[in-house]
Amino acid sequence: MHPLEDTTRFEPAEVEPRIFARWLDSGLFHPEPEGEAGESYSIAIPPPNITGSLHMGHALNGSIQDVLIRRHRMAGRRTKWILGTDHAGIATQAQVERALRAEGTSRQELGREGFERRVWEWREHYGHTIVEQLKRIGASCDYAEERFTLDDAYHRAVVEVFVALYHQGLIYRDRYIVNWDPGSHSAISDLEVEQRRERDTLYSIRYDLVEGGAACQGPAGRAPRASDGGGSVTIATVRPETMLGDTAVAVHPDDERYRALAGRTAILPLVGRHLPVIADDYVRMEFGTGQLKVTPAHDPNDFEIGRRHDLEQVSVIGEDGRMSAEAGERFAGMTVMDARAAVVEALRGEGRIVAEEEYEHEVPYSHRSGERIEPLISLQWFMHMNELAAPAIDAVRDGRVRIVPDNHRRVYLEWMENIRPWCISRQLWWGHRLPVYYCATCGHVHVAASAPERCAQCGGEPRQDEDVLDTWFSSALWPFATLGWPQHTPQLRAFYPTSVLSTARDILFLWVARMIMMGLRFTGEVPFAEVYIHSVIQAPDGRRMSKSLGTGIDPLDEIDRHGADAVRFGLLAMSSSQDVRYSAEKVRQGQALANKLFNATRFALLRIASMRGSPTHPVALDAIEPGWAGPRPRAIEDRWILSRLQEIVADTAARIDDYDFSHAALGLYDFVYAELCDWYLEIVKPRLAGEPRGGAAQGGAGDREARVRTGSANANQAASVERNDREALAATLLYVLRTTVALAHPVIPFVTEELWSHLDSSGGLLAGCPYPRADTSLIDRDAEIELERAIEAVAL
RNA sequence: GCCCCCGUAGCUCAGUGGAUAGAGCGGUACUCCGACGAAGUUACAGGUCCCGGGUUCGAAUCCCGGCGGGGGCACCA
């Protein structure tokens, strides 16, 4: 506690560390794992990447979750905010590799074990930054039990799930076309691919047909006839270099122009390979020439066509992003872009390019590395999703999981209903290594929690798969793996299922949907009853807030400037059910509110202290009036403010429970400014000073008081001020302040906790006090109407 | 291509069937008075509620069609 006389301003920088330390020491953030989940209130934090530092999204979501947690903790629930970080496979590996490069070494040089050791060291060093930063905004997480998605216990959960799903036939290995990310040198999932619009050249290329077979008979003799007499086909492509891997040409079976070509054979230029002409209804007759080159090894659609028609797969692009030996001597080793130019050049030399046009289309890029995705065939591990998705669809349909705001519900359902297999293996070193072992001798596959001694088949030596799991595989288990699952721990019983999950919409599929699927599959219960999807905070100009664009605003800078309460208030006040622009004004408004509340309390307490002839405080309510049983309103303004207070108490709780944080915050601001300070404190000033009520106008606030009295119906009932009245006034004022401060605590915890130490002599923490509840006996419509009339009169 | 959201005061946003459409910030004027001066109070100014049609006694709000902006999903060479 800091003497109130000393400063006329609330000083966040002085107060915040002191208050936070008291909270931590109190143990309030760390609940005992007792009882059942139904009695408690728990939230699993979206685990930030260990590579990360706090950005606006964290700050907003931290504020939201903390409001919920503090509100329910005060309401008497056993409350746990599960804390932890995510190992973030690709991001972390890339960051550490960058550091290694700067040292002139590489992960290859260190070897796998050495590299993993390095990452763990790195994590010890930098991995806790973000947790420390969460403390700055006042997040009341359970810091005593921090989890990490790569801890031993967590790993056991991951392995348990993998092995189970494998034996249930949901996890399988396949040679399939995947999104290869040459940047991170790994396959990535569909969700990690983003499409970018790009201008390219669409080349039309003529392939000759082998002589013989049905004549090529286009309508009206339009059929192209090449000089060799066999005719030709003309295909269109934006990726001429992939033609080296063509293994067929396709036409639509209903295409009158070309269907007779089916069964004939084309000759692949530059290569000479014979390509069957096939009929497949994937081909769009109206696009290009209506004749399609089929490259099963490098195009997802062609891959499917290839499977349907049992086509050969010729991989001409390797995992290094360069042309492989199968591309032929002439092109092997070239980058894709060089090969494209070279192929075009060669085709042009042969006179095979019949048209070139500008073409705008979508090109896949890796969300992780930013490099262009190279679709290619690779042996990877996949997960069947349909069987997992079905119950997760039901859970949202029947409301066991409620998504707020509900327009995200449809998006979720739509995606889930069209879900596709998930590629879960990654060619990285940092992550959960697959619990898969191959016999070095016979190749037999063992999937087990621990390495088998020998191959069950031939007694050979089993070797563990080199790959690790997609980071989101482990994240999907977050709400229960953090609580000790698969053990039946007291934590799990006390806090699972969790109450709510709060996140931005960008990871609805990547994470939220998968948690629901895994939660249902492995615990039989939904992992959370509600999902709150919060705003994305954009830069003030409406662009994305990002470091690279230079549009980022660092929440820590804002906390330094305005205080954590101000930033929390501001973020909550600007948030809504959709994306919003960052509003510096709202943060300043929060700062103003903290300062106003500080000064209002300071004023009231110092005044009451001096009124009671005591020059110092604390002036606690129970010290003023032992056995205090509630406020005793004496004047109309007392009845009015007490009545208004009940309304804001009810509203604030209801708005928080509705996830309407903006109105909860702004409502508090309005009450404190427009009712408590501008009117009640001003009206009451003369009474606090011991002047007669309704006394002569003497300027200033007394003047206003007099005018209010004149406007009131009871103007003539002004009574002389007695000691009783002043004590009753003090009691009312303190009751109002204590209630207001407690009410605002979830939104602006620091200033309210600081004020509480002045308003309460017990020495207890506000964070552990009961949350105010509306006392309907204090609602007084008559007083409200009367005082509103008085206020109007004064305004006139 | 399909789907979702948004368009209200100078700015950021509330309001989503009922009266003269609101707040904060900014602007102007005032105040200098007993907490708060990188402050406080009060007042004033400021709006074809994107456009056009429709439903209704009544539309910013519901419906249809545009225009503009943002986002998600999708394998179209």
Side-chain angles (χ1 to χ4, degrees), chain A residues 4-5 7-10 177 190-191 193-195 200 202-204 235-239 242 250 282-284 286-295 299-305 359 361-362 364 375 405 407-415 418 420 505-506 508-509 536 538 540-544 570 573-607 610 660 662-663 666-667 669-670 673-674 677-679 681-682 684-686 688-689 691 698-705 791 794-796:
Chain A
L4 279 178
E5 299 89 324
T7 174
T8 62
R9 288 188 66 77
F10 174 64
I177 191 146
D190 295 341
L191 284 173
V193 175
E194 65 181 24
Q195 305 289 334
D200 262 316
L202 182 66
Y203 297 93
S204 296
I235 58 86
T237 181
V238 288
R239 301 201 56 189
T242 63
Y282 166 76
V283 181
R284 281 171 61 219
E286 70 283 6
F287 188 92
T289 58
Q291 299 170 325
L292 173 72
K293 78 195 251 309
V294 183
T295 321
D299 182 283
N301 308 306
D302 295 6
F303 180 84
E304 294 298 338
I305 296 173
Y359 184 63
H361 67 141
E362 306 266 310
N407 52 305
H408 293 286
R409 202 180 105 106
R410 263 185 67 180
V411 179
Y412 168 94
L413 290 173
E414 223 160 86
W415 186 77
N418 297 298
R420 300 192 302 152
R505 65 179 143 66
D506 55 346
L508 183 62
F509 310 140
V536 172
Q538 302 168 333
D541 60 7
R543 285 188 296 168
R544 198 170 205 87
M574 73 184 86
S575 77
S576 80
S577 60
Q578 65 216 35
D579 293 356
V580 289
R581 297 176 182 209
Y582 187 77
S583 162
E585 279 78 29
K586 289 283 192 297
V587 173
R588 266 183 247 125
Q589 213 178 324
Q591 188 177 4
L593 174 64
N595 196 51
K596 191 81 170 174
L597 203 51
F598 179 83
N599 276 295
T601 306
R602 177 171 167 269
F603 168 68
L605 290 182
L606 293 179
R607 195 48 53 114
S610 81
D660 185 1
S662 172
H663 287 107
L666 293 169
Y669 178 93
D670 270 352
Y673 263 82
C677 292
D678 293 350
W679 288 97
L681 284 183
E682 293 298 337
V684 120
K685 274 177 179 175
L688 273 175
E691 286 161 19
Q698 29 198 300
D703 195 28
R704 169 183 287 170
E705 204 272 357
I791 288 171
V794 171
L796 284 171

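The sequence lines fix the lettering, A, B, ..., with proteins before strands; numbering per chain opens at 1.
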Side chain of [X], heavy atoms from C-beta onward: which of [options] has the nearest atom to it?
X	options	result
A:Thr8	B:rC5, B:rC36, B:rA77	B:rC36
A:Leu292	B:rC36, B:rA77, B:rC73	B:rA77
A:Phe287	B:rC3, B:rA77, B:rU12	B:rA77
A:Asp678	B:rG71, B:rU41, B:rC6	B:rU41
A:Arg581	B:rC75, B:rU12, B:rC36	B:rU12
A:Lys685	B:rG72, B:rG34, B:rU41	B:rG34
A:Val580	B:rC13, B:rA77, B:rA35	B:rC13
A:Arg284	B:rA77, B:rG71, B:rC73	B:rA77
A:His361	B:rC73, B:rA77, B:rG34	B:rA77
A:Leu191	B:rG71, B:rC73, B:rG24	B:rC73

Checklist entry - Do A:Glu362 side-chain and B:rA74 base share a donor-acceptor contact under 3.5 Å? => result yes
Which part of the nucleic acid does [X] contact within heavy-atom distance under 4.0 Å: base, sugar-phosphate only, or nothing?
X	answer
A:Arg239	nothing
A:Asn407	sugar-phosphate
A:Tyr282	base
A:Arg420	sugar-phosphate
A:Gly290	base

Next on the checklist: I want to confirm an ordering. Mapping A:Thr237 and A:Asp190 to their closest nucleotides on RNA chain B, which one lands closer to the 5' end?
Outcome noted: A:Asp190
Checklist entry - Toward the 5' end of RNA chain B, which comes first, A:Ala604 or A:Lys293, by nearest nucleotide? => result A:Ala604
Separation between the [atom1] atoms of [N] and [M], rounded to whole Å:
N	M	atom1	answer
B:rG26	B:rC33	P	23 Å
B:rU8	B:rC49	P	11 Å
B:rG24	B:rG34	C1'	28 Å
B:rC50	B:rU16	P	16 Å
B:rG46	B:rG22	P	14 Å
B:rG18	B:rG1	C1'	42 Å
B:rC5	B:rA77	P	28 Å
B:rA60	B:rU56	C1'	16 Å

Checklist entry - With under 30° as parallel and over 60° as perpendicular, where do the rings of A:Trp415 and A:Phe509 fit, or are they tilted in between? => result parallel
Checklist entry - Do the ring planes of A:Tyr669 and A:Tyr673 sit parallel (below 30°), tilted (30 to 60°) or perpendicular (above 60°)? => result parallel
Any heavy-atom pair between the side chains of [Y] and [X] that's under 4.5 Å?
X	Y	value
A:Asp200	A:Arg239	no
A:Thr242	A:Lys293	yes
A:Arg602	A:Thr8	yes
A:Gln195	A:Pro364	yes

Does a nitrogen or oxygen in the side chain of [X] sit under 4.0 Å from OP1 or OP2 of [N]?
X	N	answer
A:Ser576	B:rA14	yes
A:Tyr359	B:rA77	yes
A:Arg410	B:rC5	no

Check the distance between [N]'s [atom2] and [X]'s [atom1] and give it to me in whole angstrom.
X	N	atom1	atom2	answer
A:Arg409	B:rC73	CZ	P	20 Å
A:Ile791	B:rU41	CD1	C1'	13 Å
A:Arg602	B:rC36	CZ	P	6 Å
A:Asp299	B:rC76	CG	P	10 Å
A:Tyr673	B:rA35	OH	P	15 Å
A:Glu682	B:rA35	CD	P	9 Å
A:His663	B:rG15	NE2	C1'	8 Å
A:Asp579	B:rU12	CG	P	15 Å

Next on the checklist: Applying salt bridge (charged side-chain N to carboxylate O under 4.0 Å, His left out) to A:Arg544 and A:Asp579, what does each step give before you reach the verdict?
Outcome noted: CA-CA 10 Å; A:Arg544 198 170 205 87; A:Asp579 293 356; over 6 Å; no
State the pairing partner of [N]; accept Watson-Crick or G-U wobble contacts with both distances under 3.5 Å, and report none otherwise.
N	answer
B:rA23	B:rU12
B:rG47	none
B:rG1	B:rC73
B:rG17	none

Checklist entry - Does A:Lys685 make a cation-pi contact with A:Phe603, if we ask for NZ or CZ under 6.0 Å from the ring centre and within 45° of the axis? => result yes
